[in-house]
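All values reported here derive from a predicted model rather than from experimental measurement. Order of the sequence lines fixes the chain letters, A, B, ..., with proteins taken first and strands second; residue numbering starts at 1 for each chain.
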Protein chains: 2
Amino acid sequence: MTTDKTSSRPKVSTEERIRAAAHQEFVAHGFAGARIERIVKRAKTNPRMIYHHFGGKSGLYLAVLEGSLSGLREREMLVDFAHEPPIAGLLKLFDFLNEHFRRTPDLVRLLTNENIERARHMKESQVIGKMSSPVLEQIGVLLNRGEKAGCIRPGIDPLVLYVQLVALTQFHISNMHTLSTIFAIDISSEEWRDKHKEATRAMILAYLENDSAPSNEHLC
Amino acid sequence: MTTDKTSSRPKVSTEERIRAAAHQEFVAHGFAGARIERIVKRAKTNPRMIYHHFGGKSGLYLAVLEGSLSGLREREMLVDFAHEPPIAGLLKLFDFLNEHFRRTPDLVRLLTNENIERARHMKESQVIGKMSSPVLEQIGVLLNRGEKAGCIRPGIDPLVLYVQLVALTQFHISNMHTLSTIFAIDISSEEWRDKHKEATRAMILAYLENDSAPSNEHLC
DNA sequence: CGGTTTAGTAAGTAAATGTTTACTTTTTGA
DNA sequence: TCAAAAAGTAAACATTTACTTACTAAACCG
């Protein structure tokens with residue numbers, strides 16, 4: 001049952017089982033809070049194998065982090081923004097990010113933890129530095145096109161916009177627990193997220209659009 | 001030199017030294033990563049005193065968290081938004097939050113860590129639940145006034161707006177390390193933050209203002 | 001086959017870590 | 001003044017924790 005047709009080893013390799021178990025553990029407790037013992041128990045193996053395959057706790061953590069980040073990059077590549085009209089393309093990017101973080105809270109938690117650790121693991125990675133986001137260039141292209149066509153507010157910096165978009169799509173997920181506790185509501189509910197999404201979409205649209213007639217002063 | 005005029009005890013009480021040392025430690029490493037040994041060494045005392053004054057590591061952590069949060073609430077009370085014109089008042093709130101998180105990254109890190117721990121400590125607190133933000137009501141008042149006067153977009157939810165504001169003012173600080181690493185820039189520099197602040201201010205303003213003539217469709 | 005490499009197991013180790021015990025010193029208040 | 005309470009010290013305790021050693025089984029390949 002647990003064996004391959006040609007071998008007596010389990011179908012899923014020990015390395016993969018460790019990776020999956022570690023993913024769960026690091027997502028649930030962060031690096032410092034993660035326990036080797038729980039990982040090996042869930043992966044049905046023993047500590048020795050972690051050191052055999054990954055070199056140690058840090059190596060395992062890095063493998064998990066790299067895997068999750070490359071997952072985001074791969075999905076980003078699959079979506080085509082650049083062939084849309086500028087504003088529609090940027091809103092499509094917003095929708096994509098919102099959907100991705102909503103569906104992949106694991107990545108959000110890993111990133112959150114990595115900031116607690118001041119990105120010390122990420123800095124060690126040989127891989128992460130090289131997979132720079134392809135989205136930044138696409139944002140630049142769309143902003144340029146829209147600016148020249150006169151429909152997009154001039155002077156927007158692609159990286160600043162990207163950080164704003166990620167903030168607006170990620171913050172309420174990474175801070176879900178404290179926000180829900182402090183304000184005594186369930187911020188993770190579908191209704192709340194839908195409401196938040198619509199409001200945020202409107203905010204971004206209002207910002208991008210070029211009010212070629214700038215309001216001299218606020219009315220009140 | 002280290003004694004009070006009437007006693008041979010240190011000027012600053014052991015309890016306060018522990019609290020200060022623990023604050024630094026929890027900010028630097030989070031709850032799971034914090035070490036009792038480092039705290040007592042910095043506070044120039046011994047483990048026994050932590051259990052004497054705070055009951056244990058968890059109690060100490062909670063004391064630090066409660067202190068930081070009540071600091072934010074106190075400062076929020078000092079700023080008067082409600083007597084400003086609606087849009088000016090909301091922008092003043094944005095400026096306040098932006099400045100507060102910029103100046104108090106400690107609080108941001110404690111909150112980040114608390115989310116890693118799924119707010120389990122915060123939920124135990126008898127204090128935090130009771131000090132609900134006074135800002136929410138003030139936002140509601142401003143939105144109402146502005147909406148009735150016709151200068152503010154109708155239908156904005158106060159809590160959604162507050163979460164958006166905090167997202168835009170806190171995210172780039174809490175995620176400073178991963179963002180800086182991935183995009184190979186120093187996101188904590190004054191220049192970058194100023195640029196980000198201006199862009200974000202414009203975004204919020206554009207969102208709040210009531211475009212009484214809504215664009216039928218984006219121009220492009 | 002047969003020898004080498006890779007994958008895996010069981011048990012253990014040394015160090016770290018939160019916590020407590022036993023005891024001393026200082027402060028306080030009747 | 002003096003006993004009781006509060007504040008503080010030193011040392012150790014019981015686990016936990018990341019990691020290793022010694023050994024076995026399976027896979028690979030000429």
Side-chain angles (χ1 to χ4, degrees), chain A residues 1-26 28-65 113 116-117 120-121 124, chain B residues 1-26 28-65 113 116-117 120-121 124:
Chain A
M1 260 345 168
T2 64
T3 57
D4 196 65
K5 50 189 166 183
T6 62
S7 87
S8 60
R9 289 277 164 83
K11 272 183 196 164
V12 181
S13 72
T14 301
E15 185 175 342
E16 266 319 304
R17 292 201 318 278
I18 290 176
R19 191 189 299 268
H23 179 99
Q24 283 191 271
E25 180 71 9
F26 287 127
H29 302 103
F31 181 79
R35 295 292 169 257
I36 295 280
E37 196 191 357
R38 284 197 292 255
I39 294 173
V40 300
K41 191 168 277 184
R42 190 169 313 183
K44 294 196 201 308
T45 179
N46 55 70
R48 176 67 184 82
M49 296 319 290
I50 288 180
Y51 296 86
H52 183 44
H53 287 293
F54 299 95
K57 190 182 181 183
S58 292
L60 180 53
Y61 175 82
L62 195 53
V64 168
L65 183 65
N113 178 77
I116 288 286
E117 308 261 343
R120 55 182 253 254
H121 297 101
E124 298 294 312
Chain B
M1 258 348 167
T2 64
T3 60
D4 195 65
K5 48 189 167 182
T6 61
S7 88
S8 61
R9 288 276 163 81
K11 271 181 199 166
V12 180
S13 71
T14 301
E15 186 175 340
E16 265 320 304
R17 293 203 316 278
I18 289 176
R19 193 189 298 270
H23 180 100
Q24 283 192 270
E25 179 71 9
F26 287 128
H29 302 103
F31 180 79
R35 294 290 167 258
I36 296 280
E37 195 190 0
R38 283 196 293 255
I39 294 173
V40 300
K41 191 169 276 185
R42 191 168 316 185
K44 294 197 200 307
T45 180
N46 54 70
R48 176 67 183 82
M49 298 317 291
I50 289 179
Y51 293 85
H52 183 43
H53 288 293
F54 299 95
K57 189 183 181 182
S58 293
L60 181 53
Y61 175 82
L62 196 52
V64 168
L65 182 66
N113 178 77
I116 289 285
E117 308 260 344
R120 54 183 254 253
H121 298 102
E124 299 294 312

Phosphate OP1/OP2 of D:dT9 contacted by B:Thr45 side-chain N/O (<4.0 Å):
yes

Atom-to-atom span, NZ of B:Lys44 to C1' of D:dA10 - whole angstrom
18 Å

Rounded to whole Å, how long is the line connecting atom CE of B:Met49 with atom C1' of C:dC23?
14 Å

Distance test, side-chain N/O of B:Thr14 to OP1/OP2 of D:dG8, below 4.0 Å
yes

Of the candidates D:dA18, C:dT9, D:dA10, the side chain of A:Ile36 sits closest to D:dA18

Would you say the side-chain atoms of B:Lys57 pair up with the backbone N or O of B:Ala34, donor to acceptor, closer than 3.5 Å?
yes

Could you check how far CD1 of A:Ile39 sits from P of D:dT17, rounded to whole Å?
12 Å

Provide, to the nearest angstrom, the distance between the CZ atom belonging to B:Phe54 and the P atom belonging to D:dA7.
12 Å

Rounding to a whole Å, what distance do you find between A:Lys57:NZ and D:dT16:C1'?
12 Å

DNA chain D: 5'-proximal contact among A:Gly55 and A:Glu37 (nearest heavy atom):
A:Glu37

For B:Glu25 and B:Ile36, indicate whether the former's side chain and the latter's backbone hold a donor-acceptor pair under 3.5 Å.
no

Mind checking if A:His53 touches a base, just sugar-phosphate, or nothing, with heavy atoms under 4.0 Å?
sugar-phosphate

For A:Glu124, is there an ion pair with A:Arg120 - N to carboxylate O distance below 4.0 angstrom?
no

Within the distance-only criterion (no hydrogens, no angle test), does the side chain of A:Asn113 pair as donor or acceptor with the backbone N or O of A:Phe31 below 3.5 angstrom?
yes

B:His52, nearest nucleotide to its side chain (from D:dA7, D:dT9, C:dT19):
D:dA7

For a quick check of understanding: with a heavy-atom distance under 4.0 Å over all strands, which category does B:Ala32 fall into, base, sugar-phosphate or nothing?
nothing

Can you tell me how far P of D:dT16 sits from NE2 of A:His29, to the nearest Å?
15 Å

Ignoring the backbone of B:Arg48, work out which of C:dT21, C:dT9, D:dA7 is nearest its side chain.
C:dT21

Round to the nearest Å and state the distance from A:Lys41 atom NZ to D:dT16 atom C1'.
13 Å

Value rounded to 0.5 Å, distance of CZ in B:Arg17 from CZ in B:Arg42:
13.5 Å

